[in-house]
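Down below is the structure, laid out as structure tokens.
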Amino acid sequence: MQTCSRCRIFNGLEEVAVSSVFGKGIARLCGVAAAPTASELRRLVTQALRETPTVEIRLDWLTNDAERQAFLGWLKKQRLTKVQLIATCRRRRGGGEFTGDAGAELFWLMKAREADCAWCDLEVETLRELPDKSVRGYPVPEKVLLSMHDFLRTPAFPTKFTLPARGGANAIKAAAMARNLSDAARMLRLARNSRDVVAVAMGEIGLPARVLSLREGSALAYAPVGSATAPGQIPLRDLKHLYRAHDLTRATRVYGVIGNPIGHSLSPLLHNTGYIAAKKDAVFLPFLVENLRDFLKCLPDFGVRGFSVTLPHKETIFAHLDEVEPLARKIGAVNTVTVGKDGALHGRNTDYTGVLRALEKRMKLSGSRVAIFGAGGSARAAAFALHHAGAQVFICARRPEAARKLAKAVGGEAIPRTALRTQKFDALLNATPIGMHPNEKVSPLTAAELNCSLVMDLIYRPMQTKLLKLAASRGIATVSGVEMFLAQGLAQWEHWMGSKAPESAMRTAVLRALKNEENTRW
């Protein structure tokens, strides 16, 4: 493979033991502290050291030289032991915030050494400006991490990196923007094939690779304690306690959720909480999937054993499945896929179970009149569930033909939107994404269209949607989509794990997150 010009400097010496220069376990989790003032940076460094002994200090984020001097003066007085502090003063041409030249950057890295920073991060752009392209002879921190960043794409890296023969570096960092999951997979392979290399897939698409990078051999995994310093970063507490990145091994089973968008999903919180409570060696990751074929091609690289499917892939996934359970085939939508040992994909639907469990607690379904607004994958699961429970099903959708097809499939009736104002229903379900975070102020229906005894919104984030608030203001009973979300997720968890889910712990974690989010928002 042809290598990019920015990468050629990395070709060089012999390989050494994986992560030997940074240690093992938690020491490979690197907290990133970045702030405009010395006082705030002090707070973040202290916070980071409570979670990991390895911290990157972004001197370039400090507003001016006075703040840098004040912070390093404080740090020197601390005389910290058993820690690995990485000083970074990255210039703007290398993707940082520092406006000075290479000489000024080196000056602050020398000062960082005086403040007991054992490591410094030196970007390739600076190294190229030095005599003989080497940092040797400069009194910077004793250990040097040579780094390059590409915020636009993932370059054609060599199959593996080795330390350059000259330059004085002890380890290499390559951080590149993942424009698709194939890019993220290439970064994982780079970590797997190289020694003393930090491989970082940037961007939301690269997030799963950030979690799995340590198990693949990356020397460090970065995570902020304050503001994110690169796109796609995961907060340090989540990387350590929720994803447990430092404990993952090749034996760890990998699951995930695919969708677009995916950042709003609480599935990782739900499933990972269950793994932790039940002591399962498994991890659940969010995959931003724009192209299904690209994701499926990368399954072996990520080692995925199963995945949840959300918008917009619940129906299009069918074309890629090797086997589909009869009920899911009737519904015409799949939200749960299991990857066999031979790579075969097996699909099923647990949304069906989620709708039933959520509604059966609140009303008698047999003989009831239930209207569903929408005709997509979630609407189909709800329609089949209600039909089999003995309810009369009415479908109202923006696309009349889709409404007619779904109504016919469940022996129901397609109705125009005007019927919502004139007919009475026992329950009304919103099965569209209208009103989902971040568009919380929008309702798919007006107050005048809520002629029913109960309203359920299949959206779970926010927990109380605009639609549910409208219903409550009219004295109508409501059911949050979080009930369906929990039920379908618990069914997935038990299917993949083969044991009963720790429901209490999983429910508590999701409800706490949703309530905290609403309290913060309002």
Side-chain angles (χ1 to χ4, degrees), residues 29 51 204-212 221 223-225 228 232-248 252-289 302 304-311 335-336 350-351 354 357-358 436-438 440 458-465 480-497 499-521:
L29 290 180
E51 302 290 346
E204 187 179 0
I205 290 177
L207 190 151
R210 282 183 176 269
V211 176
L212 298 177
V225 286
Q233 285 185 332
I234 305 165
L236 179 58
R237 283 193 59 82
D238 286 349
L239 190 64
K240 178 181 177 181
H241 298 288
L242 183 65
Y243 293 107
R244 296 148 289 131
H246 59 294
D247 285 333
L248 306 182
T252 302
R253 289 179 284 174
V254 178
Y255 299 91
V257 55
I258 69 171
N260 185 15
I262 202 62
H264 69 284
S265 178
L266 289 181
S267 290
L269 175 64
L270 177 74
H271 286 264
N272 285 320
T273 297
Y275 300 153
I276 294 167
K279 295 181 172 57
K280 300 289 186 180
D281 186 13
V283 66
F284 193 95
L285 308 171
F287 289 89
L288 175 60
V289 173
F302 290 96
V304 176
R305 303 276 291 273
F307 54 94
S308 174
V309 186
T310 188
L311 294 173
N335 79 319
T336 307
T350 64
D351 284 339
R357 290 183 181 176
M436 183 172 68
H437 176 81
E440 300 96 332
L458 301 194
I459 294 170
Y460 71 88
R461 193 176 188 188
M463 191 160 49
Q464 292 299 317
T465 61
S480 170
V482 71
E483 294 301 324
M484 174 184 170
F485 170 72
L486 287 168
Q488 63 82 30
L490 289 166
Q492 285 178 334
W493 197 99
E494 292 174 351
H495 171 66
W496 286 325
M497 294 296 106
S499 59
K500 185 171 177 55
E503 181 175 352
S504 178
M506 296 166 74
R507 172 180 287 272
T508 297
V510 169
L511 293 180
R512 181 187 297 119
L514 289 170
K515 288 176 182 177
N516 287 342
E517 184 177 84
E518 292 192 356
N519 290 338
T520 301
R521 185 180 301 121

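It should be emphasised that the depicted structure is a prediction, and the values quoted were computed from it without experimental measurement.
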Stepwise side chain to side chain contact (heavy atoms under 4.5 Å, CB included) test for E483 and M463
CA-CA 10 Å; E483 294 301 324; M463 191 160 49; over 6 Å; no
When every non-hydrogen atom of S499 is compared with those of K280, the smallest separation belongs to OG-NZ, 3.3 Å
- Check: W493 and M506 side chains under 4.5 Å, non-hydrogen atoms: yes
Taking every heavy atom of S480 against every heavy atom of Q464, the minimum-distance pair comes out as CB-NE2, 4.4 Å
When every non-hydrogen atom of A487 is compared with those of G354, the smallest separation belongs to CB-CA, 3.6 Å
Closest heavy-atom pair, I234 versus P224, reported as atoms and distance to 0.1 Å, is O-CD, 3.2 Å
Taken to the nearest 0.5 Å, the spacing of T350 OG1 from L490 CG works out to 9.5 Å
task: Kindly indicate whether the side chain of W496, heavy atoms from C-beta on, has any atom under 4.5 Å from the side chain of F284.
output: yes
Sequence neighbours excluded, the answer for salt bridge (charged side-chain N to carboxylate O under 4.0 Å, His left out) partners of R237 is E51
- [ ] Output yes when a side-chain donor or acceptor of Y243 lies under 3.5 Å from a complementary backbone atom of R210, and no otherwise.
- [x] no
All heavy atoms of L239 vs all of A223, minimum pair found to be CD2-CB, 3.7 Å
Show, in sequence, the C-alpha distance, side-chain angles and deciding distance for V510 and Y460, and conclude whether the side chain to side chain contact (heavy atoms under 4.5 Å, CB included) test is met. CA-CA 10 Å; V510 169; Y460 71 88; 5.6 Å; no
Interatomic distance, CG@L248 vs NE2@H246, rounded to 0.5 Å, equals 8.5 Å
Here the side-chain hydrogen bond (donor to acceptor under 3.5 Å, both in side chains) pairs for residues 256-265, sequence neighbours left out, are S265-S267
A209 and F302 have their tightest heavy-atom pair at N-CE2, 4.0 Å
Review point. Less than 4.0 Å between a side-chain N and a carboxylate O, is that true for E518 and R461?
Key: no
Note to self: Has Q492 got a side-chain atom pairing as donor or acceptor with N335's backbone, closer than 3.5 angstrom?
What the structure shows: yes
Using modelled atom types only, decide if a donor and an acceptor are shared between the side chain of E494 and the backbone of A501 within a distance under 3.5 Å.
-> yes
Just so I know, are the side chains of H271 and S308 near enough to count as touching, which here means a heavy-atom distance under 4.5 Å?
no
By side chain to side chain donor-acceptor pair (under 3.5 Å), R244 pairs with (sequence neighbours left out) N272
CG of L207 to CZ of F287, rounded to nearest 0.5 Å, is 9.5 Å
Only residue of V304, V257, V211, I262 satisfying side chain to side chain contact (heavy atoms under 4.5 Å, CB included) with L285 is V211
To the nearest 0.5 Å, atom OG1 of T252 lies from atom CG of L212 at 9.0 Å
Rounded to the nearest 0.5 angstrom, the CG-CD distance for L270 and Q488 is 7.5 Å
